[in-house]
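In what follows, a structure is listed as C-alpha cells, so that the remarks can point back to it.
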Amino acid sequence: MSCPLTDSACFIDILFILDTSESARGDLFQNQKDFVSLLSDKIFRLKPTRIQRYDIRLAVMQFSSSVIIDHHFRSWRGLQNFKQTFSRMSFIGHGTYTYYAISNATHLFQTEGRGKSIKVVLLMTDGIDHPNSPGVQGISNDARALGISFITIGLSNVVDRAKLRLISGDSPGIPVPILDEFNLSDKIRDRLGTRLCPHRMAKGIVMFCHHAPGDMVVKCDTVAPDGGEDYTGSSKDFMALFLSTQLLSAFPVVLPIENWCALQGWLETY
C-alpha cells in the first residue's frame, strides 16, 4: 500500500466485506457487524505522523452466492451515516462464493476508488467455499497487482486458513486472525496503522508503503540533516537486513536524507 503524501491529506479507501452465507447465520453475522462498527470508530482515531490529516472513506459489501454493496464509496457522507447504513444490512444466506466477493471488490475500487488512495479490503469469511465457486488465487493476485491490499479474518476456528492466506498474500508463518480473538479490533487497527503511517525503524531510517506493486524507493546520503553523525554504515546495515527478509514484499524503504538514488545503486555497493 502507498500513502500519497501531500501538503494536506493522505487518501485511504477501505472496504469491509462480510460473509453472509449460511455458515455465518445468527451470531456470526451480528459479530461481523459489531466488529465493523467498532473498528470503524478506531480507524477514524488513527493519527498520521508526517502529514496533516487522513482523508478516509469506507464502504461495505456482503456476499454468499450473490454480492450486495450496502454502502458505496461514492455514497460516503461521514462515519455516522456509514454506520447507520450498514446497521440495516439484511442476511443473504446460501453458499459461499469468495471469488465473486473479490471480483466485485476489485471492480468497486476500479470504478469508485480514488486514483492515488491506499486501497484496503478487510474480508471476513470462513473460506469454505461452495464446490462450484471458482478458485481465488488468480483473482486475488490480480487484485493485489492493482494495489489492493487484503486483510483476511476467519469467522471462527473452523476456517480454511490456507485459502485466506492465498487471498491476503500472507506467508504461512503469519497467523490468520479470528473474529472472536481478544482485542481483535485493536490488533487490526494497529496493523492498518503500520501500513498507513511512516515509522522510524532506526536513526535516519523511515519505512513507507508501496507507491505501486513492485516499487521501492531509496533516499540516501551520508550526512545527517544536522551535519552530525554519518549514516552510511547504519543505513547499509539496515538495507542488508531488510532485503534479506520477506518484508520487502510489503514495504519499500525511504532513508530521510538529502539526495534520491536508484535502488540498483545501493545494491551494487554490497
Side-chain angles (χ1 to χ4, degrees), residues 14-40 43 58-73 75 82-109 111-112 119-144 148-170 172 174-185 187-188 191:
I14 300 176
L15 171 63
F16 294 95
I17 303 181
L18 285 67
D19 184 337
T20 57
S21 62
E22 284 298 326
S23 59
R25 183 177 292 278
D27 289 344
L28 286 178
F29 175 53
Q30 186 60 48
N31 291 346
Q32 291 178 84
K33 292 172 67 177
D34 292 344
F35 176 76
V36 171
S37 178
L38 183 60
L39 182 57
S40 298
I43 287 172
L58 306 179
V60 66
M61 171 190 296
Q62 59 173 306
F63 78 101
S64 62
S65 57
S66 59
V67 173
I68 298 175
I69 303 173
D70 292 273
H71 191 284
H72 287 255
F73 286 124
S75 302
F82 169 78
K83 292 172 72 173
Q84 290 169 5
T85 299
F86 85 76
S87 68
R88 298 191 292 267
M89 290 174 62
S90 58
F91 188 81
I92 299 177
H94 308 299
T96 307
Y97 288 74
T98 310
Y99 177 95
Y100 299 128
I102 298 169
S103 64
N104 278 267
T106 302
H107 184 260
L108 183 66
F109 278 112
T111 56
E112 298 185 19
K119 299 172 178 62
V120 186
V121 172
L122 285 152
L123 170 62
M124 292 165 278
T125 183
D126 56 15
I128 303 173
D129 280 340
H130 189 280
N132 293 333
S133 178
V136 298
Q137 184 170 8
I139 196 167
S140 300
N141 290 343
D142 291 344
R144 294 199 305 273
I148 301 170
S149 177
F150 289 84
I151 296 176
T152 52
I153 299 171
L155 295 184
S156 70
N157 285 318
V158 181
V159 59
D160 187 336
R161 288 175 169 81
K163 182 171 291 181
L164 267 61
R165 290 191 182 100
L166 282 179
I167 297 168
S168 67
D170 289 339
I174 298 177
V176 174
I178 302 300
L179 190 58
D180 64 358
E181 202 171 295
F182 182 68
N183 282 342
L184 180 63
S185 62
K187 295 174 183 177
I188 300 300
R191 186 170 173 182

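The structure presented is a predicted model; accordingly, all values stated were derived computationally and were not measured. We number each residue from 1, following the sequence as shown.
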Can you find a pair of side-chain heavy atoms, one from [X] and one from [Y], that are under 4.5 Å apart?
X      : Y      : value
Asp180 : Asn31  : no
Ser75  : Phe82  : no
Leu123 : Phe63  : yes
Phe35  : Ile188 : yes
His71  : Leu58  : no
Ile17  : Met61  : yes
Ile92  : Ser66  : yes
Glu181 : Ile153 : no

Item checked: Working for side chain to side chain contact (heavy atoms under 4.5 Å, CB included), residues Leu122 and Leu39 -> CA-CA 11 Å; Leu122 285 152; Leu39 182 57; 3.8 Å; yes

To the closest 0.5 Å, what do you measure between [atom1] ([X]) and [atom2] ([Y])?
X      : Y      : atom1 : atom2 : answer
Gln62  : Met124 : CD    : CE    : 11.0 Å
Ile69  : Glu112 : CD1   : CD    : 6.5 Å
Thr111 : Asn104 : OG1   : CG    : 10.0 Å

Would you name the heavy atoms of [X] and [Y] that are closest together and state the gap between them?
X      : Y      : result
Ser87  : Lys33  : O-NZ, 3.0 Å
Leu164 : Val159 : CD2-CG2, 3.9 Å
Val158 : Asp126 : O-CB, 3.5 Å
Ile167 : Arg144 : O-NH1, 2.8 Å
Ser21  : Thr96  : OG-OG1, 2.8 Å
Leu28  : Ser23  : CD1-O, 3.4 Å

Closer than 3.5 angstrom, by distance alone: can the side chain of [X] be matched with the main-chain N or O of [Y] as a donor-acceptor pair?
X      : Y      : value
Gln32  : Thr125 : no
Asp129 : Thr98  : yes
Lys163 : Ile128 : no
Lys187 : Phe182 : yes
Arg25  : Phe91  : no
Ser37  : Asp34  : no

Checklist line | Whether Phe109 and Phe73 hold their rings parallel, tilted or perpendicular, with breakpoints at 30° and 60° | finding: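 Geometry flag for Phe73 against Phe109: tilted rings.
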
Note to self: Using side chain to side chain contact (heavy atoms under 4.5 Å, CB included), reason through Leu166 and Ser140 one step at a time and then give a plain yes or no.
What the structure shows: CA-CA 7 Å; Leu166 282 179; Ser140 300; 5.7 Å; no

Check: Applying the side-chain contact (heavy atoms from CB on, under 4.5 Å) test to Ile14, which of Val60, Val121, Ile151, Ile43 qualifies?
Finding: Ile43

Note to self: Are more than 12 heavy atoms, taken from residues, nucleotides or ligands other than Asp27, located less than 6.0 Å from that residue's CG atom?
What the structure shows: no

Margin query: Quick one, Thr106 with Lys119, criterion side chain to side chain contact (heavy atoms under 4.5 Å, CB included). Give me CA distance, side-chain angles, the key distance, then yes/no.
Written below: CA-CA 10 Å; Thr106 302; Lys119 299 172 178 62; over 6 Å; no

